[in-house]
Protein chains: 2
Amino acid sequence: MLDVAKKSGVSHQTVSRVVNNHPNVSEKTRQKVLLAIKNLGYRPNHAARMLATGKTSTIGVLSHDTTLFGPASVLHAVQFAGRELGYAVSLISLKSIYPEEVMAGIQELADLGAEGVIIIAPQSAEYKMLNRTSRELPAVIIEGRDTATIPSVEVDQFLGAKSAVEHLIQLGHKNIAHISGPKNWFSAQRRLEGWKAALADANLKSSTVKEGDWSPRSGYLATKEILMDRTITSIFSANDDMALGALKAINEAGLAIPEKFSLVGFDDAPASAYLTPGLTTIHQDFDEVGKQALALLLKLVRGEKLNKRRITVAPELIIRASTGKPPRR
Amino acid sequence: MLDVAKKSGVSHQTVSRVVNNHPNVSEKTRQKVLLAIKNLGYRPNHAARMLATGKTSTIGVLSHDTTLFGPASVLHAVQFAGRELGYAVSLISLKSIYPEEVMAGIQELADLGAEGVIIIAPQSAEYKMLNRTSRELPAVIIEGRDTATIPSVEVDQFLGAKSAVEHLIQLGHKNIAHISGPKNWFSAQRRLEGWKAALADANLKSSTVKEGDWSPRSGYLATKEILMDRTITSIFSANDDMALGALKAINEAGLAIPEKFSLVGFDDAPASAYLTPGLTTIHQDFDEVGKQALALLLKLVRGEKLNKRRITVAPELIIRASTGKPPRR
DNA sequence: AACCCTCTTGTTAACGATAACAATTTCTCA
DNA sequence: TGAGAAATTGTTATCGTTAACAAGAGGGTT
């Protein structure tokens with residue numbers, strides 16, 4: 001910067017003003033400085049700027065396995081939205097799920113200077129700890145639950161699950177099993193509740209639940225067990241990956257879909273439309289979730305008042321070929 | 001830091017020494033300082049440290065769509081390996097594929113102070129530009145091609161593709177079509193070449209190629225076209241997602257797999273084992289790729305000599321139920 | 001006891017930017 | 001034409017840390 005100042009014959013402060021688009025700089029000197037900047041290939045030092053202003057223009061994203069479709073999609077959206085607004089994104093993607101690790105991750109992001117943190121899909125065990133964090137650092141939870149101090153953005157999991165199950169009920173299914181996500185995931189809990197609620201509303205029993213781990217493998221295994229009860233005519237799976245595994249188990253059992261058995265997923269992953277048969281599922285607009293979360297976080301960072309502590313994005317039932325009327329007995 | 005110094009009755013420099021584990025500090029003062037740090041909840045300011053040392057301990061990851069299985073997996077591995085070694089990871093995930101955007105992304109990461117950049121799956125058009133970059137900033141390319149100035153880490157795409165096709169040839173297939181990735185992706189090119197090479201080695205013609213965009217949808221559409229030629233008995237798809245789409249098209253055409261038609265994918269995504277039938281595919285060890293890439297980049301950052309400019313990780317053919325002998329005519 | 005060496009601590013000056021205020025120039029209008 | 005206001009520029013201090021060097025304290029040797 002001093003080089004630029006010397007070359008263009010002004011003070012370093014004037015260079016700073018040009019770089020930051022301050023209003024009161026004459027056009028003539030601005031051009032002079034701009035030219036020198038270009039010739040010298042000057043680029044402002046981020047660290048120095050951070051130190052002087054106290055702003056880092058960085059936000060942290062803390063997520064469980066970003067290999068999963070949901071987190072990956074949200075991450076992508078958050079990152080993109082952030083970049084458009086001039087924020088860099090620092091990522092910490094956790095392998096394990098211990099609350100201590102989550103807290104350590106947040107601390108790390110804080111030390112890095114993140115102005116705020118977006119926490120993707122945290123698990124219920126962590127909530128107590130999270131509340132402590134938010135005092136130090138603005139935070140937004142995605143696909144989790146808002147807490148006393150941290151607002152959240154999520155697709156309405158409960159509603160999505162409920163409408164998925166209602167769709168099956170309308171088709172005439174009476175005995176609908178559920179493959180849930182890991183119970184310590186908040187979104188898994190909400191989907192489970194949605195399933196229960198839909199059944200209760202229709203005076204049906206919610207008897208069969210198997211817990212999976214979101215993986216196709218777990219869906220496959222769960223379905224094997226579920227199919228031992230031949231009175232069950234359909235499954236609502238808490239995500240598409242597990243539904244995919246379920247599909248295989250159903251095929252292996254020789255049950256035609258949708259004639260003999262119906263299946264609904266959750267996520268609307270790109271692959272789901274191209275399964276055989278196309279999977280009826282709940283579409284989640286992760287892009288919207290990411291955008292909203294970032295907007296919310298920035299408000300928090302700027303100290304603005306929040307009118308909503310919890311933003312929900314509407315899920316959408318996508319009916320494809322994996323659901324039909326239950327077989328006559 | 002000054003507070004800590006005051007509280008523990010030493011100079012700020014001594015505090016700095018304690019924080020950085022410098023050798024010549026007496027045990028007594030170390031404990032005093034440590035205590036003060038704990039009581040005051042002191043945490044070093046990253047920005048100031050960066051400014052003073054010139055090191056940011058940050059590496060950048062630039063990737064195309066991190067929603068895809070490959071990039072997402074690599075990102076996860078890189079991020080994890082980096083964090084273990086004390087490096088923060090800044091992510092830029094691109095929506096579009098223009099070289100200008102890639103260069104802008106790298107420039108952004110450089111301005112942020114990244115000590116090095118890992119570029120995931122760049123496309124061929126960008127290579128000229130990339131070479132320019134590496135002069136300013138250490139870089140490693142993943143799933144691309146090493147260049148004059150940038151080393152690379154990749155699963156051996158060519159070998160993987162070749163062994164996939166050889167597997168089909170061994171089963172007796174004579175007419176093997178290929179669904180390629182976008183031609184401007186380097187990995188798509190290499191897989192295409194592998195397919196060609198295997199066929200050439202067996203004196204078979206490499207006639208039918210359809211270009212997809214990695215999505216299930218494109219695999220589905222490509223397969224519809226391919227199936228119009230009834231002499232084709234198998235497809236090698238450049239990734240699992242497109243194979244999944246292909247599967248649907250094959251099913252719709254009423255061709256039983258593997259009795260009437262064989263299909264091979266590439267990636268070994270978690271879902272692929274649970275398709276019906278299980279997909280024969282090429283496994284890529286993305287974890288290993290990420291680790292190796294990070295190790296390579298750190299060598300570069302430290303100015304160490306590289307013994308290899310190009311690291312390849314061995315692919316592995318996973319035979320499942322989607323491949324079998326071609327039907328007798 | 002004087003000297004030198006080593007170990008520990010302190011002092012001062014960077015790092016590269018912005019903030020706050022001071023100084024200068026230019027403009028406006030009576 | 002001159003005074004005051006506005007616009008433009010410059011000067012100095014500051015952000016929180018590490019680097020480089022200086023100074024002091026303690027111990028052993030002769």
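Hydrogens, waters and symmetry mates play no part in the numbers below; they use all other heavy atoms, side chains included.
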Value in whole Å for how far the P atom of dA19(D) lies from CG of Asn20(B): 7 Å
Can you find a side-chain donor-acceptor pair between Gln157(A) and Glu143(A) that sits under 3.5 Å? yes
Matching residue for Val117(B) among Ile92(B), Ile59(B), Val61(B), Leu137(B) - test: side chain to side chain contact (heavy atoms under 4.5 Å, CB included): Leu137(B)
Could you state the CG-P distance from Asp3(B) to dC15(D), rounded to the nearest angstrom? 11 Å
Polar-atom pairs under 3.5 Å, protein N or O versus N or O of nucleotides 22-25 of chain C: list them with distances, or write none.
none

Acceptor/donor pairs from residues 17-24 of chain B side chains to any protein atom, 3.5 angstrom cut, sequence neighbours excluded:
unit_1	atom_1	unit_2	atom_2	d
Asn20(B)	ND2	Ser16(B)	O	2.8
Asn20(B)	ND2	Ser16(B)	OG	3.4

List, one per line, each side-chain donor-acceptor pair under 3.5 Å for residues 300-311 of chain A, sequence neighbours excluded.
unit_1	atom_1	unit_2	atom_2	d
Arg309(A)	NH2	Thr147(A)	O	2.9
Arg309(A)	NH2	Ala148(A)	O	3.4
Arg310(A)	NE	Glu154(A)	OE2	3.2
Arg310(A)	NH2	Glu154(A)	OE2	2.8

Closest non-hydrogen atoms of Ile142(B) and Ala293(B), given as atom of the first, atom of the second and distance, are CD1-CB, 3.4 Å
Tightest non-hydrogen contact, residues Ser90(B) and Ser90(A), listed as OG-OG, 3.8 Å
Does Val10(A) reach a base, just sugar-phosphate, or nothing at all? Heavy atoms under 4.0 Å. sugar-phosphate
Pairs: protein N or O with nucleotides 12-14 of chain C N or O, under 3.5 Å:
unit_1	atom_1	unit_2	atom_2	d
dT12(C)	O4	His12(B)	NE2	3.4

Give, ordered by number, those residues of residues 36-49 of chain A having at least one heavy-atom distance below 4.0 Å to an atom of DNA chain C; if nothing qualifies, reply none. Tyr42(A), Arg43(A), Pro44(A), Asn45(A), Ala48(A), Arg49(A)
Asp111(B) CG to dA17(C) C1', straight-line distance once rounded to whole Å: 14 Å
Length of the CE-C1' vector between Met1(B) and dC15(D), whole Å: 14 Å
Got Leu294(A) and Ile118(A) here, is their nearest side-chain heavy-atom distance under 4.5 Å? yes
Between the first and last five pairs of the helix from dA1(C)-dT30(D) to dA30(C)-dT1(D), the angle of the axes, rounded to 10 degrees: 50°
To the nearest 0.5 Å, how far apart are CD1 in Ile120(A) and OG in Ser187(A)? 12.0 Å
Just wondering, do Asp285(A) and Val155(A) contact through their side chains at under 4.5 Å, heavy atoms? no
Would you give the length of the straight line joining atom CD of Gln284(B) to atom CG of Asp156(B), rounded to the nearest 0.5 angstrom? 10.0 Å
Atom pairs and distances, donor-acceptor, side-chain atoms in residues 69-79 of chain B, under 3.5 Å, two or more places apart:
unit_1	atom_1	unit_2	atom_2	d
Ser73(B)	OG	Phe69(B)	O	2.7
His76(B)	NE2	Ser93(A)	OG	3.0
Gln79(B)	OE1	Ser93(A)	N	3.0
Gln79(B)	NE2	Ser93(A)	O	3.0

Non-hydrogen atoms of Ala188(B) and Pro182(B) that approach each other most closely: CB-O, 3.2 Å
DNA chain C-proximal residues of residues 21-32 of chain A, any heavy atom under 4.0 Å: none
Solution key, residues 2-9 of chain A side-chain donor-acceptor pairs under 3.5 Å, sequence neighbours excluded:
unit_1	atom_1	unit_2	atom_2	d
Ser8(A)	OG	Val4(A)	O	2.7

Only pairs under 3.5 Å count here: list side-chain donor-acceptor contacts from residues 102-115 of chain B, not counting sequence neighbours, and write none if there are none.
unit_1	atom_1	unit_2	atom_2	d
Glu108(B)	OE1	Arg83(A)	NH1	3.2
Glu108(B)	OE2	Arg83(A)	NH1	2.5
Asp111(B)	OD1	Arg43(A)	NH1	3.2
Asp111(B)	OD2	Arg43(A)	NH1	2.7
Glu115(B)	OE2	Thr56(B)	N	2.8
Glu115(B)	OE2	Ser57(B)	N	2.6

Under the ring pair (Phe, Tyr, Trp, His ring centres under 6.0 Å) rule, collect the residues that match up with Phe80(B), sequence neighbours excluded. none
Please find the pair of heavy atoms, one from Ile150(A) and one from Ala139(A), that lie closest to each other, and give the distance. CG2-O, 3.3 Å
Name the pairs: protein N/O against N/O of nucleotides 4-6 of chain D, kept only if under 3.5 Å.
none

So, do Trp214(A) and Pro270(B) sit near enough that their side-chain heavy atoms are less than 4.5 Å apart? no
Under a 4.5 Å cut-off applied to non-hydrogen side-chain atoms, are Leu298(A) and Tyr87(A) in contact? yes
Could you say whether Thr14(B) or Leu51(B) is positioned toward the 5' end of DNA chain C, judged by the nucleotide with the nearest heavy atom to each? Thr14(B)
